[in-house]
Peer 1: 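My questions all concern the structure below.
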Protein chains: 2
Amino acid sequence: MDETTAHATLEDVAAFAGVSTATVSRCINSPDRVAPATREKITNAIRALNYSPNFGAKALASRRTGIIGAVIPTLENAVFAHGIDAFERALPQGKYSLLVASCGYDLNREKQQIESLVARGADGLLLVGFDRDPSLYAWLAHRRVPFVLAWASGDSHHFAGFDNKAGMAAMIRLVLDLGHRKIAMISGLTDGNDRARARLEGVRQSLADRGLGLCGVAEVPYGLDGGGQAFTELMVDRSITAIVCGNDVLAAGALRAAHHMGLVVPRDITITGFDDIDIASITLPELTTVRVPHARMGQEAALMLQRLIEGQESESVLLPTEIVERGTHAPPGGR
Amino acid sequence: MDETTAHATLEDVAAFAGVSTATVSRCINSPDRVAPATREKITNAIRALNYSPNFGAKALASRRTGIIGAVIPTLENAVFAHGIDAFERALPQGKYSLLVASCGYDLNREKQQIESLVARGADGLLLVGFDRDPSLYAWLAHRRVPFVLAWASGDSHHFAGFDNKAGMAAMIRLVLDLGHRKIAMISGLTDGNDRARARLEGVRQSLADRGLGLCGVAEVPYGLDGGGQAFTELMVDRSITAIVCGNDVLAAGALRAAHHMGLVVPRDITITGFDDIDIASITLPELTTVRVPHARMGQEAALMLQRLIEGQESESVLLPTEIVERGTHAPPGGR
DNA sequence: TTGTACGCGTTATCAT
DNA sequence: ATGATAACGCGTACAA
């Protein structure tokens, strides 16, 4: 069949079809600019030679790759997995592809990954949160790489996200309205994580507005176990009647720990989550949490980034969060 | 600062450092082949001009992109999210980047995505399962694109996976040993999904080996609700004492449905899962399931693919699965 | 509508 | 150790 490993080039196709390379190129990139008859010949030639364009050459000549990069903390967190999934699906098939890199919640590593993706020709970037060195933003601007920030909101840059602080504030309102006054929080690690910080801040401030304070805060790494251990430690203070968690995984871990401690939720203790991922409706009782439209967000981010890459302007999108009252909250005071 | 939008090129750096472009190129790609003194000058020039190589040009000239492609059904399935996460992290930072595409369990779409990734210059591919048109394999071979198959095992191609059928067979053995004889299965959609088919086949054959048959099979789409509905339908036959599920999500859905039906697990019914993802230890009772080393698999796949891309041979890796006995299994017969 | 010819930024071969 | 210089495959003015 094929005598050599070499692939057909534009020139081969042109020769085969008896036209110039320019015409072949046109036929591929803007078919309407070439006569139907020649288009026919070229199409046949392409098929006959099993031609497919060389990526490097195309990128070099056109100065575009059609590659969009995304740097996220980790795909192990369902929140990012879902968002990225939706983001990728919202990208026009064939026009753009998604290059993903994870940084494990490490800002330095994030910077490296961003540089790596840009070096690999990313036409645009999807990033998580706002918290990064100004010089990085300057570099991005200098390199003229458009980007969209997600999973948070702010008053600068382009973003498709939501208000972490407000979401938590709403949850605190619910807990307070229930009558709770002795409230503690299990937060994700806040170092280099503005989403976690905003959620913690949302709790602190809402409480302060009512003249209250947190009865305890545990800052733990993402994971079921982190949530469980934090719960056990926090509950040394048995006067606590409600524990709000920075995310659903932490909450699920806390719930499991509560169960192991022989506590009945929500009779003995109220536990709340944040994100409303799948596990929130698998726990028993199901988790009261803050719903975040992760998929919708990924989709909006994809749309925005495309516009930016194609030189159009694009407004930021602030998505609403919503309290989902399920089974892990109740007034304090046991039965 | 910068008067124009143009970026520094190799030539600019060469001029600035007073050497030739060839030397600069060498300095970047094999620093040890250039004298320390000139290396110094070049390094300074690079920094001074804020130079970074043009991806397209590099790819064109070197015939390599450093991009690895992966096509998976969806990142919404934690199994793939974790595997891909591990895969990506096992890739040498800076040397390779990961291009991900999802196909939603659709073989046609998978083919398109594969072609798209190859068109984008992927040096190698990570694919899920073995089940695809022979012509696609032929095309991949012709294009000389190395690939590794995961989440399954077989006797052809390079793979880093596990034996779905054997995993299920082991689970059936456990259920049978417990004394169950009226067994039903909730399977994922088997169309175009050899992993789901292998799991179903594992159940069927193990049962047949003991002269038994399935008391019911429901084939449902991935998701909590699918598992729940299937459970409800299957349990119309109250003689059933055990339901094995094709994956943990289906099992979690079944468990929830059982709870809503007022059934006590495992007293009234045994329910088992497959994969051992996080939710398996969040349900109440925790799920008895088949553990699959998804992260380890992703890691092995990354190592294999790198070797293949770099022209070395590489043995396939068959990872072991393991039964995890937790709380959803018990002998039949209620209390 | 189609063809000519040059430029894109690197890599790599071959001298020196 | 370093320098010329020829590919690499495609896009795109510009001309015809």
Peer 1: For C/dT4, does either OP1 or OP2 sit under 4.0 Å from a side-chain N or O belonging to A/Ser20?
Peer 2: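 A/Ser20 to C/dT4 OP1/OP2: no side-chain N or O under 4.0 Å.
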Peer 1: Between the protein and nucleotides 6-10 of chain D, list every N/O to N/O distance that falls short of 3.5 Å.
Peer 2:
unit_1, atom_1, unit_2, atom_2, d
D/dC8, O3', B/Arg63, NH2, 2.9
D/dG9, OP1, B/Arg63, NH2, 2.5
D/dC10, OP1, A/Tyr51, OH, 2.3
D/dC10, OP1, A/Asn54, N, 3.2
D/dC10, OP2, A/Leu10, N, 2.4

Peer 1: Can you run down the ring-ring contact (aromatic ring centres under 6.0 Å, His included) pairs that involve residues 65-111 of chain B, sequence neighbours left out, and say none if there aren't any?
Peer 2: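 ring-ring contact (aromatic ring centres under 6.0 Å, His included) check on residues 65-111 of chain B returns B/Phe80-B/Trp151.
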Peer 1: Side chains of A/Thr21 and A/Glu11: any donor to acceptor distance under 3.5 Å?
Peer 2: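 Note: A/Glu11 and A/Thr21 side chains miss the donor-acceptor criterion.
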Peer 1: Map A/Thr21 and A/Val34 onto DNA chain C by nearest heavy atom, then report which one ends up closer to the 5' terminus.
Peer 2: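 In this pair, the answer is A/Val34.
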Peer 1: Is A/Ala22 touching bases, backbone alone, or none of the nucleic acid, heavy atoms closer than 4.0 Å?
Peer 2: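 It contacts base atoms.
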Peer 1: Sequence neighbours left out, what passes side chain to side chain contact (heavy atoms under 4.5 Å, CB included) with B/Glu40? Give chain and number order.
Peer 2: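 B/Glu40: side chain to side chain contact (heavy atoms under 4.5 Å, CB included) contacts with B/Asn44.
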Peer 1: Would you mind reading off the distance between B/Ile28 atom CD1 and C/dA12 atom P, rounded to a whole angstrom?
Peer 2: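 Distance, rounded to whole Å: 12 Å.
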Peer 1: OP1 or OP2 of D/dG3 less than 4.0 angstrom from a side-chain nitrogen or oxygen of B/Thr23, does that happen here?
Peer 2: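 Yes.
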Peer 1: For residues B/Thr65 and A/Arg120, is any side-chain donor paired with an opposing acceptor at under 3.5 Å?
Peer 2: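 There is no such pair between these side chains.
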Peer 1: Near B/Gln312 CD, under 6.0 Å, is it more than 12 heavy atoms from other residues, nucleotides or ligands?
Peer 2: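 For B/Gln312, atom CD is crowded (more than 12 foreign heavy atoms under 6.0 Å).
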Peer 1: Rounded to whole Å, how long is the line connecting atom CD1 of B/Ile46 with atom P of C/dT10?
Peer 2: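 The answer, rounded to whole Å, is 10 Å.
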Peer 1: Using heavy atoms to find the nearest nucleotide of DNA chain D for B/Gly18 and A/Arg26 separately, return the residue whose nucleotide is more 5′.
Peer 2: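 The residue whose closest nucleotide sits nearer the 5' end is B/Gly18.
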Peer 1: Looking at B/Asp155, I want to see if its CG is surrounded by more than 12 non-hydrogen atoms of other residues, nucleotides or ligands under 6.0 Å.
Peer 2: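 Counting other residues, nucleotides and ligands, CG of B/Asp155 stays at 12 neighbours or fewer.
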Peer 1: Which part of the nucleic acid, if any, lies within contact of A/Val24, taking any heavy atom under 4.0 Å across all strands shown: a base, the sugar-phosphate backbone alone, or nothing?
Peer 2: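 No contact at all - A/Val24 keeps every heavy atom at 4.0 Å or more from the nucleic acid.
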Peer 1: Let's test your reading of the model: under 3.5 Å, does the base of D/dG11 pair with the side chain of A/Arg64 as donor and acceptor?
Peer 2: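 Side chain to base: no pair present.
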